[in-house]
Amino acid sequence: AALAWAIMSREVKGWLAIRATKVCRDYLRAAPYSLIEAHITEGFDKSFRWVRLLGFEPIGEAPYGIDGMRLFRFVFKG
């Protein structure tokens, strides 16, 4: 199992964002893990959209978060 995370600059837009998404999705598909999760902070709408574009599906809330912050779990379905 693996936990995926990423930080992307606000400067990544247009064709560069599309290319970055394709490269990340291809990398995730080729990864040797049976389970890849991503945890997204509540209210971070851009991250919710991006993980879905990458091929992740929501599976509920994570059981923890910094200072009680709600985190939502996504699992990679490719």
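- Residues L3 and M69 do not share a hydrophobic cluster, clusters being chains of Ile/Leu/Val/Met/Phe/Trp/Tyr side chains in contact below 4.5 Å.
- Proximity of I40 to L71: side-chain heavy atoms (C-beta onward) are nowhere separated by under 4.5 Å.
- Between F76 and R25, the shortest heavy-atom contact is CZ-O, 4.3 Å.
- Residues Y33 and V23 do not share a hydrophobic cluster, defined by chaining ILVMFWY side chains whose heavy atoms lie under 4.5 Å apart.
- The nearest pair of heavy atoms linking L54 to C24 is CD2-CB, 3.7 Å.
- Both I36 and F48 are members of a single hydrophobic cluster when ILVMFWY side chains are connected at heavy-atom separations under 4.5 Å.
- No continuous path of hydrophobic side-chain contacts links F74 to I59 [ILVMFWY only; heavy atoms under 4.5 Å].
- Other residues, nucleotides and ligands contribute more than 12 heavy atoms inside 6.0 Å of the CZ atom of R29.
- Hydrophobic clustering keeps Y27 apart from I18 (ILVMFWY residues linked when any side-chain heavy atoms are closer than 4.5 Å, directly or through intermediates).
- Minimum heavy-atom separation, F72 to E42: CE1-CB, 3.7 Å.
- The NE2 atom of H39 lies 13.0 Å from the OG atom of S47; values are rounded to the nearest 0.5 Å.
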